[in-house]
Amino acid sequence: MSDYLDRLNPEQRDAVQSLDGPLLVLAGAGTGKTRVLTTRFAHILLSGRASPHQVLAVTFTNKAAREMRERVGAILGHPAEGLWLGTFHALCARMLRRHASELGLTSSFTILDTDDQLRLLKQVMEAHRIDAKRWPAPGLMGAIQRWKDRGLTPDRITPAEDTEFGGGAARAIYADYQARLITLNACDFGDLLLHVTELLRTRPEILDGYHRLFRYILVDEYQDTNVVQYLWLRLLAQRADAPANICCVGDDDQSIYSWRGAEVENILRFEADFPGAKVVRLERNYRSTAPILAAAAGLIAHNDARLGKTLRPGRNDASGEKLTVAALWDSDEEARFVGERIENLRRDDHRLSEIAILVRAGFQTRAFEERLITLNIPYRVIGGLRFYERAEIRDALAYLRCVVQPADDLAFERIVNVPRRGVGDAALASLHAHARARSIPLISAAAEMIDSGGVKGRVRDNLRALITLFAECRDDLDRGVLGHVAVVERLLDESGYTAMWKADKSPDAPGRLDNLSELTRAIAEFETLAGFLEHVSLVMDNDESAGDDKVNLMTLHGAKGLEFDSVFLPGWEEGLFPSQRSLDEGGNKALEEERRLAYVGITRARRRAILSHAANRRIYANWQSSIPSRFLEEIPSEHVEQTGSAAFAREQVRNAPPVFGSPFGLTARRPKTIEAWEQPARPARSSAIAVGARVFHQKFGYGTVTSAEDGRLDVTFEKAGSKRVMDNYVEMV
DNA sequence: CGAACATCCCTTTTT
DNA sequence: GGGATGTTCG
């Protein structure tokens with residue numbers, strides 16, 4: 001009956017069978033982490049220790065949750081039903097809907113996307129008369145999110161944790177923002193965790209209910225938890241009546257999300273947090289060849305803040321290619337090099353889908369895309385704009401929200417003038433004023449102003465048609481006259497939204513229409529519109545049909561958890577990787593995180609890893625020179641094969657007499673800031689256009705320059721009068 | 001109100 | 001170099 005246990009190695013089996021008390025499983029890359037987690041889950045159920053709904057299983061991604069659900073089902077022999085299995089956010093949303101009224105929400109609250117969050121925050125900031133120029137809203141949004149990541153409600157922010165933002169107004173804005181969310185019956189992402197945690201810590205009877213419910217807690221990717229997630233877990237796990245039955249699986253060496261609030265300390269501190277905790281290390285790697293593992297291990301050994309763990313080959317083959325490190329002249333050559341190697345792999349019958357190019361930052365993909373296009377090699381970029389983030393999809397969803405949630409002001413604002421209905425800033429402002437005065441949602445305010453004559457003419461007719469359409473669609477749904485898919489189609493057609501894109505002559509309009517029909521298809525898979533909207537806000541999935549045979553292009557962050565036969569790791573240069581920006585902000589801690597990122601990159605490879613760096617790189621408009629990443633030297637050289645046109649030059653540098661009096665030559669002493677990442681110094685341009693010159697401007701016509709300074713010209717135009725213009729907008733005549 | 005122009009920025013982004 | 005976002009004029 002327990003043949004599923006036979007398929008584990010001794011450490012894995014230990015992790016699965018240690019069922020009493022807290023357990024930390026330190027699972028290195030490729031050591032069977034998911035297998036342990038799913039088998040443990042199934043083992044708890046099959047051994048009769050708990051029934052499915054008594055286990056709380058938390059992941060970070062929907063993909064991981066889906067995978068776990070499937071694999072548990074496979075071991076059980078039937079689909080697993082009634083599980084508390086999902087992402088932190090999905091589980092919290094579920095809990096929050098149960099207790100919504102405690103917080104002044106209804107159980108049908110909306111979960112806002114980032115667009116809406118920002119728009120709402122801007123409104124609040126405006127009310128506080130904050131100069132949007134001086135204090136850009138995204139900055140404060142970030143601060144609020146960090147507060148939420150750390151479990152800080154507005155009243156919990158101590159002066160030490162406050163920010164300079166807005167000249168000290170940040171806390172008050174945060175508080176108002178939270179209040180507005182409640183009025184709108186809405187939550188942002190951070191709220192899901194924040195609200196539930198707050199509830200658990202202030203309402204013992206609610207917490208007690210969950211203590212009685214959950215006998216086991218399983219947590220995936222524990223190294224990526226932030227403070228509020230940690231608090232949530234600890235509240236649920238620590239109980240008076242019994243030891244905490246929590247099992248966390250993670251890898252401190254793969255913690256790469258500190259900038260999102262993740263705290264490696266959570267995993268480093270586990271044994272202190274949960275006394276009597278048992279720690280199991282999984283170190284046998286079944287994924288990669290010996291050289292790849294040795295290279296990764298050598299690299300990560302340079303980090304200090306580690307729990308310590310060494311990857312060992314699980315298979316007994318010492319074979320395997322060395323890593324390739326290619327030194328190239330410039331970034332164009334690097335793209336050509338990678339393209340050429342991929343062509344070779346393809347010629348040798350390697351599947352393209354088993355090849356990945358992993359970059360540090362999104363903008364690096366472009367060069368490779370261009371190269372792959374010219375070589376006619378199919379590729380996919382993973383991670384870019386996701387389906388539900390596209391403008392047309394967000395618009396369509398806003399239409400739906402207006403129907404399902406008439407109080408959703410943010411949704412209404414988004415689409416009230418899309419397509420154009422003549423409702424501009426002025427009209428919207430008067431709607432707002434009326435809504436605020438009467439304390440009613442915008443849609444109701446609009447209805448009242450139509451009746452009262454507060455809006456007139458074309459705007460009135462358009463608004464009336466729109467609001468009537470919403471009401472009718474709502475009615476169709478309530479009375480079941482039309483199925484929800486038919487309602488969606490009606491809504492998008494009669495509002496003129498579909499027509500807007502049909503009339504659009506831009507090249508991407510057809511694609512957008514395709515996306516809209518794709519959306520309708522997705523809606524059809526759900527029972528109700530509300531259910532669909534919940535899915536959308538929580539499951540921003542990127543279901544790139546992974547089946548096609550295409551080269552995978554993505555960031556290192558996006559590659560976590562994936563594996564490929566061949567992995568290209570370009571751009572290993574100081575300033576780019578490790579990223580200068582990170583280093584400036586986070587010092588040595590940040591450097592260690594960059595190194596973990598490098599470790600994640602190398603350990604994605606099953607059979608071969610091809611690293612590269614360029615001596616000259618095109619950044620924005622101009623060329624900058626760069627030096628190889630320090631990480632390259634941290635990889636034990638016996639596992640590396642050097643190649644590339646610039647390899648010889650690099651050897652010369654290495655063997656050259658010491659520079660700066662250092663015994664290690666150039667490599668030991670690095671300038672603190674790398675030229676490539678300094679602000680591109682804008683040379684005080686001695687403009688070729690001098691005072692008195694006669695010039696032509698596209699818009700203003702002919703004129704004479706009266707003063708010229710740093711590229712800015714004062715010009716007296718013959719027709720348009722005196723203007724200040726940039727010199728690159730005029731031509732000399 | 002909306003198009004055209006000008007300016008500003010440019011890491012990573014599991015939900 | 002380029003996309004997103006404001007500003008300005010018709």
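Computed from a predicted model, the values in this text were never measured in an experiment. First the proteins, then the strands, lettered A, B, ... as listed; each starts at 1.
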Peer 1: Give a yes/no answer on whether the side chain of A:Arg260 brings an N or O atom under 4.0 Å of OP1 or OP2 in B:dT15.
Peer 2: no

Peer 1: Taking only N/O atoms, report every protein-nucleotides 4-7 of chain C pair under 3.5 Å with atom names and distance.
Peer 2:
residue	atom	partner	partner atom	Å
C:dT7	OP1	A:Lys133	NZ	2.8

Peer 1: For A:Asp191, answer base if it contacts any base atom (sugar-phosphate contacts may also be present), sugar-phosphate if it contacts only those atoms, and nothing otherwise; contact means non-hydrogen atoms under 4.0 Å.
Peer 2: nothing

Peer 1: Return each pair, listed once, that meets side chain to side chain donor-acceptor pair (under 3.5 Å) where at least one residue sits in residues 254-263 of chain A; pairs must be two or more places apart or across chains.
Peer 2: A:Asp251-A:Gln254, A:Gln254-A:Arg604, A:Ser258-A:Glu593, A:Trp259-A:His557

Peer 1: Return each pair, listed once, that meets salt bridge (Lys or Arg N to Asp or Glu O under 4.0 Å) where at least one residue sits in residues 139-148 of chain A; pairs must be two or more places apart or across chains.
Peer 2: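 Of all non-adjacent pairs touching residues 139-148 of chain A, those that pass salt bridge (Lys or Arg N to Asp or Glu O under 4.0 Å) are A:Lys148-A:Asp188, A:Lys148-A:Asp191.
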
Peer 1: For A:Trp623, what residues pass the side chain to side chain donor-acceptor pair (under 3.5 Å) criterion, not counting sequence neighbours?
Peer 2: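 Side chain to side chain donor-acceptor pair (under 3.5 Å) check on A:Trp623 returns nothing, list empty.
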
Peer 1: Verify the stacking flag for A:Trp259 against B:dT12: centroid separation must be under 5.5 angstrom and the ring planes must differ by under 30 degrees.
Peer 2: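 Given the distance and angle limits, yes, they stack.
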
Peer 1: How close or far is atom C1' of B:dT15 from atom CZ of A:Arg66, stated in whole angstroms?
Peer 2: 13 Å

Peer 1: With sequence neighbours excluded, what pairs up with A:Asp115 under the side chain to side chain donor-acceptor pair (under 3.5 Å) test?
Peer 2: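 By the side chain to side chain donor-acceptor pair (under 3.5 Å) rule, A:Asp115 matches A:Arg394, A:Arg414.
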
Peer 1: For DNA chain B, whose closest nucleotide is more 5', that of A:Thr87 or that of A:Glu585?
Peer 2: A:Glu585

Peer 1: Under 4.0 Å, counting only non-hydrogen atoms across every strand here, what does A:Ser579 touch: a base, just sugar-phosphate, or nothing?
Peer 2: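 A:Ser579: base contact, heavy atoms under 4.0 Å.
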
Peer 1: Could you tell me which residues satisfy side chain to side chain donor-acceptor pair (under 3.5 Å) with A:Thr374, sequence neighbours excluded, listed by chain and number?
Peer 2: none

Peer 1: May I ask you to decide if A:Asp330's main-chain N or O and A:Arg617's side chain share a donor-acceptor pair within less than 3.5 Å?
Peer 2: no

Peer 1: For A:Glu594 and A:Ala262, find the nucleotide of DNA chain B closest to each by heavy atoms; which residue's nucleotide sits nearer the 5' end?
Peer 2: A:Glu594

Peer 1: Among the nucleotides B:dG2, B:dT13, B:dT15, which one has an atom lying closest to any side-chain atom of A:His557?
Peer 2: B:dT13

Peer 1: Report which part of the nucleic acid A:Ala426 touches: base, sugar-phosphate, or nothing (heavy-atom distance under 4.0 Å, all strands).
Peer 2: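 Sugar-phosphate contact only.
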
Peer 1: Of the options C:dG2, B:dT13, B:dG2, whose atoms approach the side-chain atoms of A:Arg366 most closely?
Peer 2: C:dG2

